[in-house]
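Quick notes on the structure that follows.
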Number of protein chains: 2
Amino acid sequence: MRILLVEDELDLAKALIAALARHDIVVDHVTTLALAEEAAHSGVHSAVILDRKLPDGDGLSLIPRLREIQEGLPIIVLSALGSPDHRVTGLETGADDYLAKPFLVDELLARIRAVMRRPVQMMESSVTVGRLKFDLHESAAMIDGEPLVLPRRELLALDLLVRRAGRVVNRSALEEAVYGFDDDIASNTLDAHISRLRRKLTPAGVEIHAIRGIGYLLRALP
Amino acid sequence: MRILLVEDELDLAKALIAALARHDIVVDHVTTLALAEEAAHSGVHSAVILDRKLPDGDGLSLIPRLREIQEGLPIIVLSALGSPDHRVTGLETGADDYLAKPFLVDELLARIRAVMRRPVQMMESSVTVGRLKFDLHESAAMIDGEPLVLPRRELLALDLLVRRAGRVVNRSALEEAVYGFDDDIASNTLDAHISRLRRKLTPAGVEIHAIRGIGYLLRALP
DNA sequence: ACCGCCGCAATGCAGGGGCAATGTTGGTCC
DNA sequence: GGACCAACATTGCCCCTGCATTGCGGCGGT
């Protein structure tokens, strides 16, 4: 995962880069709005962490432009101004999440993960893999235009797999998606769900490939 | 996207603004026809959501003026639980779509998107599933041309189910559609309505399929 | 005053999913 | 290259939760 960090406080930036690096997140760091916009055009980032107070303006002003450049790009706003009002403004302007300084790095990590998982693109978005079409809003699966009715757990798993189609989804992320945060499962039930999903999807030209020790990968069959 | 909301019920307006904000839609909110007309002159809005019952008159009277100010501006009319007569009037006066209260926020969002997507063009006015024909504006059901009289709750449920025919409607959405925002039901009454609806629709080749843990799905019987 | 809608609750029913047993694959170490 | 182990696959079982159905009673409308 590669993230764009827009932050002019060098100490904080350095700490964040180090912390994110420990979680295998590559960070591109810029210090101004202008540089951020330029960097965003590369289109390689999975999310943006955006400070508000910057040398050349308020980070919020960048949000619409970022959205133009890359529809649905997750944006997390950082701010020293932590009053609730500001929080609302931040979200209304189109950020996906808002974090007041000072914050725990772990919290930021959690938000990044959450925001990545979220259905970011709001305008009718659906993903097609093989003969499977999955509507991200409705969480509805179709095969050849026929709705495919799935039980809840299988649907939750498929939802995440489809969002990351072609990329590896690690096991714990799937567990979290299927069971929620609190629920605690102590067996191979997830495997069972995957197995049943697989049986339904393989005929539609969709493969769920297991990556041993890591997770699963959904892709179209050759 | 920026929308003009003309609504004098402050609670509803507040809820709508918050909901739309979550989808990156900026809302300008006014409470009277006069203020609405003034706001429309700014020309920055992509659509107008217009309540009918307003302190200074019927929202419908504003439609011609809005059309003068900005040709082709999409207009969605809201109205208190509508008698069929009102629905017709709403569309005849030139609104692009018409939504009876209580409605789902999701439904409104869908209409906004739909209305934005296509240039001014009349709405699809009826949906046919199996031998059931449902008029979306009149909220009237027909089987083989014979009008099917339904009680209010069943009609509200069917209305939503038909709009999402072939797609899953989740339970809470149905509850909201049938009971409105405030009404709080603490029993399986919805199930009862569905059951009765089902009895009336199955003979007409329409199935209401339960998706356990999620909701219902209306479709034509094979 | 009657009729029909609707909220409610009791009862019956079955699909879903957690679990575990067993089979299979792939990776590693000698 | 073979043997061992750990991770994944598959399947059957069984309980429980959530849905279906129906009758009852109250209330509102005509």
Side-chain angles (χ1 to χ4, degrees), chain A residues 139 141 147-161 168-203 206-219 221, chain B residues 81 83 102 139-141 147-161 168-203 206-219 221:
Chain A
S139 265
L148 171 66
V149 176
L150 291 175
R152 200 167 103 261
R153 302 258 123 127
E154 289 174 34
L155 198 64
L156 289 168
L158 181 60
D159 186 291
L160 180 56
L161 285 169
V168 177
V169 181
N170 70 328
R171 200 185 180 77
S172 59
L174 261 177
E175 282 172 354
E176 202 171 277
V178 173
Y179 300 112
F181 295 96
D182 25 45
D183 239 326
D184 217 17
I185 248 60
S187 76
N188 64 344
T189 308
L190 180 63
D191 304 36
H193 291 307
I194 295 292
S195 175
R196 298 197 188 98
L197 249 185
R198 194 179 272 140
R199 188 184 311 156
K200 292 168 190 167
L201 294 185
T202 311
V206 176
E207 164 190 42
I208 301 180
H209 191 238
I211 313 293
R212 199 182 175 79
I214 302 181
Y216 290 92
L217 167 68
L218 181 141
R219 64 180 172 194
L221 278 168
Chain B
L81 190 72
S83 78
S139 263
L148 171 66
V149 179
L150 290 174
R152 198 169 52 99
R153 302 261 123 128
E154 289 174 35
L155 197 62
L156 289 168
L158 181 59
D159 185 293
L160 180 56
L161 285 168
V168 177
V169 181
N170 71 324
R171 199 185 182 78
S172 59
L174 262 176
E175 282 172 355
E176 203 175 311
V178 174
Y179 301 112
F181 291 103
D182 23 46
D183 239 327
D184 216 17
I185 249 60
S187 76
N188 63 345
T189 308
L190 180 64
D191 305 36
H193 290 306
I194 294 293
S195 177
R196 298 195 188 99
L197 250 184
R198 192 180 275 138
R199 188 182 311 156
K200 292 167 191 168
L201 294 184
T202 311
V206 177
E207 161 189 46
I208 300 181
H209 191 238
I211 315 293
R212 196 184 177 81
I214 303 180
Y216 290 91
L217 169 68
L218 180 141
R219 64 179 169 193
L221 279 168

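The sequence lines fix the lettering, A, B, ..., with proteins before strands; numbering per chain opens at 1. Note that the coordinates shown come from a computational prediction; the quantities given were computed from them, not determined experimentally.
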(request) Respond yes when some side-chain nitrogen or oxygen of His193(B) is under 4.0 Å from OP1 or OP2 of dC5(C), and no when none is. (result) no

(request) Find which nucleotide of DNA chain C each of Val149(B) and Arg196(A) is nearest to by heavy atoms, and output the residue with the more 5' nucleotide. (result) Val149(B)

(request) Of all the heavy-atom pairs spanning Leu150(A) and Ile214(B), show the shortest one and how long it is. (result) O-CD1, 4.0 Å

(request) Tell me, please, which residues at least two apart from Arg219(A) pass salt bridge (charged side-chain N to carboxylate O under 4.0 Å, His left out). (result) Glu207(A)

(request) Nearest whole angstrom, please: distance from the P of dG17(C) to the CD1 of Ile194(A). (result) 13 Å

(request) May I have the distance from Leu197(A) (atom CG) to dG16(C) (atom P), rounded to whole angstrom? (result) 13 Å

(request) To the nearest Å, give me how far apart CG (Asp191(A)) and C1' (dA20(C)) are. (result) 12 Å

(message) Tell me the closest heavy-atom pair linking Leu160(A) and Ala173(A), and the distance in Å.
(response) CD2-O, 3.7 Å

(request) When you get a sec, tell me which of dC8(C), dG7(C), dG18(C) is the closest nucleotide to the side chain of Thr189(A)? (result) dG18(C)

(request) When you get a sec, tell me which of dC19(C), dC8(C), dG18(C) is the closest nucleotide to the side chain of Ser187(B)? (result) dC8(C)

(request) Report the distance from atom CZ of Arg152(A) to atom P of dG17(C), rounded to the nearest whole Å. (result) 6 Å

(message) What is the separation between atom CG on Leu150(A) and atom P on dG15(C), rounded to the nearest whole Å?
(response) 16 Å

(request) Grab the two heavy atoms, one from Val178(A) and one from Leu156(A), that are nearest each other, plus how far apart they are. (result) O-CD1, 3.5 Å

(message) Between Asp191(B) and Arg171(B) (salt bridge meaning N to carboxylate O under 4.0 Å), is one present in this structure?
(response) yes

(request) Would you mind telling me which residue lines up with the more 5' stretch of DNA chain D, Ile214(B) or His209(A), judged by nearest nucleotide? (result) His209(A)

(message) Of all nucleotides in DNA chain D that come within under 4.0 Å of a heavy atom of chain A, which is furthest toward the 5' end and which toward the 3' end?
(response) dA6(D) to dG12(D)

(request) Return the minimal non-hydrogen interatomic distance between Leu221(B) and Thr202(B), and the atom names on each side. (result) CD1-O, 3.8 Å

(message) Given 3.5 Å as the limit, does a donor-acceptor pair link the side chain of Arg152(A) with the main chain of Gly213(B), or not?
(response) no

(request) Nearest whole angstrom, please: distance from the C1' of dG4(C) to the CD of Glu154(B). (result) 11 Å

(request) Round to the nearest Å and state the distance from Leu190(B) atom CG to dC5(C) atom C1'. (result) 15 Å

(message) Between Gly213(B) and Arg199(B), which residue's closest nucleotide on DNA chain D lies nearer the 5′ terminus?
(response) Gly213(B)

(request) Rounded off to whole Å, could you give me the CG-to-C1' distance for the Asn188(B) and dA10(C) pair? (result) 10 Å

